[in-house]
Number of protein chains: 2
Amino acid sequence: MVNYRTVEAMRNRIRIERAILDITQADLAERIHVSRQTINAIESNKYVPSAVLAMKIARIFGKTVEEIFELDEND
Amino acid sequence: MVNYRTVEAMRNRIRIERAILDITQADLAERIHVSRQTINAIESNKYVPSAVLAMKIARIFGKTVEEIFELDEND
DNA sequence: ACCAAAAGTAAAATAAACTTTACATTTTGA
DNA sequence: TCAAAATGTAAAGTTTATTTTACTTTTGGT
């Protein structure tokens, strides 16, 4: 059981919103012109997306950035 | 007259919102724990902030990320 | 006009995002 | 159950964000 590197700064609802739209990580990646691995990494909190990506993702889901991403307490 | 490097991806209302709150770049920087130069660079579109920074900035102003930052057309 | 504070800029260094390639594991549906 | 599709992961490489230090320019008030 290994500890994968994650960034403790935000939580996100991408997986849930993807499920609602019924689209894959690859679909989402294609729609915002990033690699599938980038979506996977953001979705699983391996790193924090740029504001541009966050806004594009939120826009696909018809939500605000704050409805998709939540800042961790303690900052 | 030199062309300073800017990133064409977003516009922002930081300067305006700072004026409303009457705080300096240095004040804002301090409140979100980044350097003053980082605020200056974001405010003058030298680069795109991370989603975490964008959210912290928006939160200071009591607005959503979308109310502070606007994606450029054409993406 | 002068001074101080604020804002602009720049360069070098470091950290972090993002891509590409490639393969392993899990899930899904026929 | 079998195959295909979707997801997870990793490493190496590139680009971009962010820091630090330091200096210049602009702005506001007296």
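Every chain is numbered from 1 and lettered A, B, ... according to where its sequence line falls, protein lines coming before strand lines.
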query: Residues in side-chain hydrogen bond (donor to acceptor under 3.5 Å, both in side chains) with A:E67, at least two apart?
result: A:T64
message: Closest-nucleotide mapping onto DNA chain D: is B:A41 or A:A41 further toward the 5' terminus? I mean the 5' end.
response: A:A41
query: Taking atom C1' of D:dT20 as reference, at what distance in whole Å does atom CD of B:E30 sit?
result: 17 Å
query: Is there a side-chain contact between B:D27 and B:T24 (heavy atoms, below 4.5 Å)?
result: yes
statement: A:K46 atom NZ is separated from C:dA17 atom C1', nearest whole Å, by 13 Å
query: With sequence neighbours left out, what residues match B:E66 under salt bridge (charged side-chain N to carboxylate O under 4.0 Å, His left out)?
result: none
- prompt: Of all of residues 10-25 of chain B, which get a heavy atom below 4.0 angstrom from DNA chain C, listed by number?
  reply: B:R15, B:R18, B:T24, B:Q25
task: Kindly indicate whether the side chain of B:L21, heavy atoms from C-beta on, has any atom under 4.5 Å from the side chain of B:L28.
output: no
query: When every nucleotide of nucleotides 18-30 of chain C is labelled 5' to 3' by its protein contacts under 4.0 Å (heavy atoms), B for base, S for sugar-phosphate only, - for none, what sequence of letters results?
result: BBBBB--------
message: How long is the straight-line distance from CZ of A:R15 back to CD of A:Q25, given to the nearest 0.5 Å?
response: 6.5 Å
statement: B:N40 CG to C:dA10 P, in whole Å, measures 11 Å
- request: With axes from five pairs an end, tell me the bend angle of the helix from C:dA1-D:dT30 to C:dA30-D:dT1, nearest 10°.
  value: 70°
- prompt: Are any of the side-chain nitrogens in B:R36 or B:E30 under 4.0 Å away from the carboxylate oxygens of its partner?
  reply: no
query: Over how many whole Å does the gap from A:I57 atom CD1 to C:dA17 atom P extend?
result: 13 Å
query: Are B:I20 and B:F61 close enough that some pair of their side-chain heavy atoms sits under 4.5 Å apart?
result: no
- line: Hits for side-chain hydrogen bond (donor to acceptor under 3.5 Å, both in side chains) against B:R11, two or more places apart or cross-chain, chain-then-number order -> none
query: So, for B:N12 and B:I42, which heavy atoms are closest and what is the spacing to 0.1 Å?
result: ND2-O, 3.2 Å
- prompt: For the pair made of CZ in B:F69 and P in D:dA17, what is the distance, rounded to whole Å?
  reply: 12 Å
- request: Please name the pair of heavy atoms, one in B:K63 and one in B:I68, separated by the smallest distance, quoted to 0.1 Å.
  value: CB-CD1, 3.7 Å
message: Would you say that B:I32 contacts B:I39 through its side chain, given a criterion of any heavy-atom pair below 4.5 Å between the two side chains?
response: yes
